[in-house]
Protein chains: 2
Amino acid sequence: MRHTISVLVENKFGALTRIAGLFSGRGYNIDTLNVGPTQDEKISRMTIVVKGDDRVLDQVIRQLNKLVDVIEVQDFSDSQYVDRELVLIKVKADSSNRSEAMQICDIFRAKIVDVQLTTLSIEVTGNEQKIDKFINMMSLFGIVDLCRSGKVAMPRRGE
Amino acid sequence: MRHTISVLVENKFGALTRIAGLFSGRGYNIDTLNVGPTQDEKISRMTIVVKGDDRVLDQVIRQLNKLVDVIEVQDFSDSQYVDRELVLIKVKADSSNRSEAMQICDIFRAKIVDVQLTTLSIEVTGNEQKIDKFINMMSLFGIVDLCRSGKVAMPRRGE
């Protein structure tokens with residue numbers, strides 16, 4: 001099963017290496033991972049999307065909780081959350097098919113961030129399904145470059 | 001100086017641990033890091049934003065290039081590139097100040113992705129300056145939760 005794990009950690013870079021090591025040591029497939037600062041500059045948030053055995057993941061989460069730098073671990077697979085991903089994609093498009101590419105961008109509310117004579121660079125955000133569908137459509141033009149941020153996720157309920 | 005490093009790696013998770021280790025071993029501060037799949041499912045792209053000494057970074061890049069799993073390393077600090085970041089942010093906002101928060105979102109072209117009686121969840125993308133300014137404005141309402149994807153970057157020129 002697929003899980004989205006959110007980890008609050010103290011902002012020491014060795015922490016990332018240790019956390020990444022916990023997953024790879026268990027042979028866990030990581031689909032995406034990202035880490036960035038939070039409102040407290042001493043604390044970073046990591047969002048990790050993993051696929052694999054639920055029982056093994058329980059062990060990994062227990063071990064995560066034991067790491068000194070880890071403040072909180074949330075498994076979003078079983079709770080309500082909002083998630084989004086950002087993708088930058090560069091596709092082949094020239095005067096003959098640029099308007100068709102722009103039409104598809106319009107439908108997906110994607111933004112064109114750069115244009116060259118033979119390429120278009122596009123920014124799109126959304127949930128996984130939307131992103132996958134957009135990349136699928138764009139692959140018809142020929143993908144030159146693709147850069148995904150990985151999923152970021154946040155619980156719906158707050159204070 | 002601040003650098004944005006883009007690394008194409010074979011999609012083996014041990015690779016992430018090794019790459020992260022190279023930076024942390026040198027005492028390098030990592031601001032953000034993300035990793036996700038590319039158009040070729042066997043290859044992932046990592047984008048790493050680091051601060052530190054240029055000479056040490058040159059060494060790190062040379063060592064990165066020696067890792068078996070690493071296909072390509074680009075240092076975007078000295079070339080033209082497009083970069084974007086995605087942020088999910090939850091702020092305190094109720095009936096008394098929700099419309100003011102929504103006004104600011106409008107100005108920044110941020111999207112509201114969830115609303116509760118006392119909170120607003122917002123999605124915003126942009127370059128670093130825009131993101132920093134938006135977070136600054138939103139901190140006036142009180143930030144409940146903040147999740148940043150880290151920078152994704154792509155060279156302007158393609159094929």
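Note that this is a predicted model, so its numbers are computed, not measured. The chains referred to below are lettered A, B, ... by the order of the sequence lines, with proteins before strands, and numbering in each begins at 1. Only this structure's heavy atoms are used, side chains among them; waters, hydrogens and symmetry mates stay out.
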Asker: Going by atom types only, do B:Gln116 and A:Arg156 share a side-chain donor-acceptor pair under 3.5 Å?
Answerer: no
Asker: Hey, which of A:Val87, A:Leu88, A:Asp31, A:Thr47 has the most heavy atom pairs under 4.5 Å with chain B?
Answerer: A:Leu88
Asker: Apply side-chain contact (heavy atoms from CB on, under 4.5 Å) to residues B:Leu8 and B:Thr38 and explain how you reach the verdict.
Answerer: CA-CA 9 Å; B:Leu8 274 183; B:Thr38 63; 4.0 Å; yes
Asker: Under 4.0 Å between a Lys/Arg side-chain N and an Asp/Glu carboxylate O for A:Arg148 and A:Glu85?
Answerer: yes
Asker: At a heavy-atom separation under 4.5 Å, does A:Gln39 approach chain B through its side chain, its backbone, both, or neither?
Answerer: both
Asker: I'd like to know if B:Asp114 and B:Lys90 make a salt bridge, using a cut-off of under 4.0 Å between side-chain N and carboxylate O.
Answerer: no
Asker: Side chain, backbone, both or neither: which part of A:Lys111 has a heavy atom under 4.5 Å from chain B?
Answerer: side chain
Asker: A:Pro37, A:Ser139, A:Ser44, A:Gly36: which one forms the most heavy-atom pairs within less than 4.5 Å of chain B?
Answerer: A:Pro37
Asker: In the single-linkage hydrophobic clustering (I, L, V, M, F, W, Y; side-chain heavy atoms under 4.5 Å), do B:Ile112 and B:Ile135 co-cluster?
Answerer: yes
Asker: Measure distances from A:Ile89 to the heavy atoms of chain B and classify the residue's part below 4.5 Å as side chain, backbone, both or neither.
Answerer: backbone
